[in-house]
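In what follows, a structure is listed as structure tokens, so that the remarks can point back to it.
Order of appearance sets the numbers: ligands from 1, and atoms from 1 within every ligand.
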Amino acid sequence: MDEKAIAELVAGHVVDVPDFPHAGILFKDITPLFADGPAFRQVVDAVIEHHGRSSFDVVAGVEARGFLLAGAIAYATGTGALAVRKAGKLPREVLSASYALEYGEATLEVHRDALQPAQRVLVVDDLLATGGTAEAALSLVEQAGGMVTGFSVLIELAFLNGRDRLAPRDVHALLTV
Ligand SMILES: O=P(O)(O)OC[C@H]1O[C@H](OP(=O)(O)OP(=O)(O)O)[C@H](O)[C@@H]1O
Ligand SMILES: Nc1ncnc2[nH]cnc12
């Protein structure tokens, strides 16, 4: 599928929800996309095609919506998956990164031994807004000894300039609004 068709596919499966979770936030609900099997498969294939299936060793998904993408991409490419978790969920020694996002603050964690030295990591999530979440995931991968080779999101909110925080890395969005 070409880029325009993929963008239209994503746009057609997003519901805009005003004032969630706070007044003034226009929440992009992508659950209809995950619920549509053929559409979900097409976006997963588009992400893999953009980066190339041999360009990463591990795909990292950010809790919670990123997990769905990471699991599917890992299965399709035969790579490992890394769950980048919200604080307090992992049972062993962790690395942590705190950040602000469009509508709050949080801390992300991975196990200290989550990656092998210099492993190449693709970071995926449903949406890039301020980039705080993605930047925290980048920090965790680097703290764990890995290298981020790129980011993919289904939707980028361009007016928040999140990609500037991730430069010069490849930031790929299927739909930019
Ligand atoms: O670019 P940012 O401003 O950092 O915002 C983007 C993040 O916000 C959402 O996650 P949220 O923290 O709401 O978690 P959820 O997936 O568990 O709902 C979204 O899934 C991204 O991870
Ligand atoms: N506007 C938004 N919609 C959905 N998820 C988000 N994460 C941060 N901002 C968001």
Note to self: Under 3.5 Å, is there a donor on one side chain and an acceptor on the other for Thr149 and His51?
What the structure shows: no
Next item on the list: Could you tell me which non-hydrogen atom of Val59 sits nearest to which non-hydrogen atom of Ala70, and how far apart they are?
Entry: CG1-O, 3.5 Å
Next item on the list: Kindly confirm or rule out an N or O of Leu26 lying under 3.5 angstrom from an N or O of ligand 2.
Entry: yes
Notebook entry, point to check: Taking atom types as modelled and ignoring hydrogens, do the side chains of Glu102 and Thr130 form a donor-acceptor contact shorter than 3.5 angstrom?
Noted result: no
Item checked: Contact atoms of ligand 1, heavy-atom distance to Glu102 under 4.0 Å -> 3 (O)
Next item on the list: Before giving the answer on salt bridge (charged side-chain N to carboxylate O under 4.0 Å, His left out), spell out for Lys89 and Glu109 the whole-Å C-alpha distance, their side-chain angles and the decisive distance to 0.1 Å.
Entry: CA-CA 8 Å; Lys89 303 286 188 179; Glu109 295 180 341; over 6 Å; no
Note to self: Within the structure, is a non-hydrogen atom of Glu135 found at a distance of less than 4.0 Å from ligand 1?
What the structure shows: no
Check: Looking only at distance, does Ala129 have an N or O less than 3.5 Å from an N or O of ligand 1?
Finding: yes
Check: So is Thr133 in contact with ligand 2, going by heavy-atom distances below 4.0 Å?
Finding: no
Check: Counting heavy atoms only, which part of Asp126 comes closer than 4.0 Å to ligand 1: side chain, backbone, both or neither?
Finding: side chain
Next item on the list: Could you check atom 10 (O) of ligand 1 against the protein and tell me its nearest heavy-atom contact, residue, atom and distance included?
Entry: Arg65 NH2, 3.4 Å
Checklist line | Identity and separation of the nearest protein heavy atom to atom 3 (N) of ligand 2 | finding: Lys28 N, 2.8 Å
Check: With a cut-off of 4.0 Å, which atoms of ligand 1 are near a heavy atom of Thr130?
Finding: 1 (O), 2 (P), 3 (O), 4 (O)
Check: Taking N or O atoms only and a 3.5 Å limit, does Ala64 qualify as a polar contact for ligand 1?
Finding: yes
Notebook entry, point to check: For ligand 2, which part of Glu102 has a heavy atom less than 4.0 Å away: the side chain, the backbone, both, or neither?
Noted result: side chain
Margin query: So, regarding Arg65 and ligand 2 (criterion: nitrogen or oxygen to nitrogen or oxygen, under 3.5 Å), is there a contact or not?
Written below: yes
Next item on the list: Among Val110, Val121, Val123, find the residue that satisfies the side chain to side chain contact (heavy atoms under 4.5 Å, CB included) test when tested with Leu140.
Entry: Val110
Margin query: One pair to check against salt bridge (charged side-chain N to carboxylate O under 4.0 Å, His left out): Glu63 and Lys86. What are the steps and the verdict?
Written below: CA-CA 6 Å; Glu63 187 167 351; Lys86 299 271 170 67; 5.7 Å; no
Next item on the list: Enter the distance from Ile25:CD1 to Phe20:CZ here, rounded to the nearest 0.5 Å.
Entry: 11.0 Å
Next item on the list: Report the nearest protein non-hydrogen atom to atom 21 (C) of ligand 1: residue, atom name, distance rounded to 0.1 Å.
Entry: Asp125 OD2, 3.1 Å
Margin query: Which heavy atom of Ala114 sits nearest to which heavy atom of Leu82, and what is that distance?
Written below: CB-CD1, 3.7 Å
Margin query: So, 4.0 Å and heavy atoms of Gly131: is ligand 1 close enough to count as a contact?
Written below: yes
Next item on the list: Report, in ascending order of atom number, the atoms of ligand 1 lying under 4.0 Å from any heavy atom of Leu127.
Entry: 6 (C), 21 (C)
Notebook entry, point to check: Shortest non-hydrogen contact from Thr107 to Ser98?
Noted result: OG1-OG, 2.8 Å
Check: For atom 7 (C) of ligand 1, which of Thr133, Leu108, Val84 has the closest heavy atom?
Finding: Thr133
Notebook entry, point to check: Considering only heavy atoms of Gly132, which atoms of ligand 1 have at least one such atom less than 4.0 Å away?
Noted result: 1 (O), 4 (O)
Margin query: Tell me the closest heavy-atom pair linking His111 and Arg92, and the distance in Å.
Written below: NE2-N, 3.2 Å
Item checked: Atom indices of ligand 2, in the order listed, that fall short of 4.0 Å to a heavy atom of Ala129 -> 8 (C), 9 (N)
Checklist line | Per-residue contact class, Leu101 against ligand 1 - non-hydrogen pairs under 4.0 Å | finding: both
Note to self: For atom 13 (O) of ligand 1, what is the closest protein heavy atom, and at what distance to 0.1 Å?
What the structure shows: Tyr103 OH, 2.5 Å
Next item on the list: Go through Lys28 and Asp16 one step at a time and tell me if the salt bridge (charged side-chain N to carboxylate O under 4.0 Å, His left out) criterion holds.
Entry: CA-CA 5 Å; Lys28 300 282 184 184; Asp16 284 354; 2.9 Å; yes
Check: Is ligand 1 under 4.0 Å from a heavy atom in the side chain of Lys86, in the backbone, in both, or in neither?
Finding: side chain
Next item on the list: Write down the atom of Leu128, the atom of Gly131, and the distance for their closest heavy-atom approach.
Entry: CD1-CA, 3.6 Å
Next item on the list: For side chain to side chain contact (heavy atoms under 4.5 Å, CB included), just list the numbers for Leu154 and Leu127, CA-CA rounded to whole Å, side-chain angles, deciding distance to a tenth of an Å, and then say yes or no.
Entry: CA-CA 6 Å; Leu154 302 182; Leu127 185 138; over 6 Å; no
Notebook entry, point to check: Any idea which protein heavy atom is nearest atom 7 (N) of ligand 2, and the distance to it?
Noted result: Tyr103 OH, 3.2 Å
Check: What atoms of ligand 1 come within less than 4.0 Å of a heavy atom belonging to Glu63?
Finding: 14 (O), 16 (O), 17 (O)
Item checked: Audit row: Glu135, Arg165, salt bridge (charged side-chain N to carboxylate O under 4.0 Å, His left out) steps and yes/no -> CA-CA 7 Å; Glu135 191 176 33; Arg165 300 169 68 161; 2.7 Å; yes
Notebook entry, point to check: Which atoms of ligand 2 sit under 4.0 Å from any heavy atom of Leu157?
Noted result: 1 (N)
Notebook entry, point to check: Considering all heavy atoms of both residues, which atom of Ala60 and which atom of Val84 are nearest to each other, and what is their separation?
Noted result: CB-CG2, 4.0 Å
Note to self: Would Tyr99 count as being in polar contact with ligand 1, using the rule that some N or O on each side must be under 3.5 angstrom apart?
What the structure shows: no
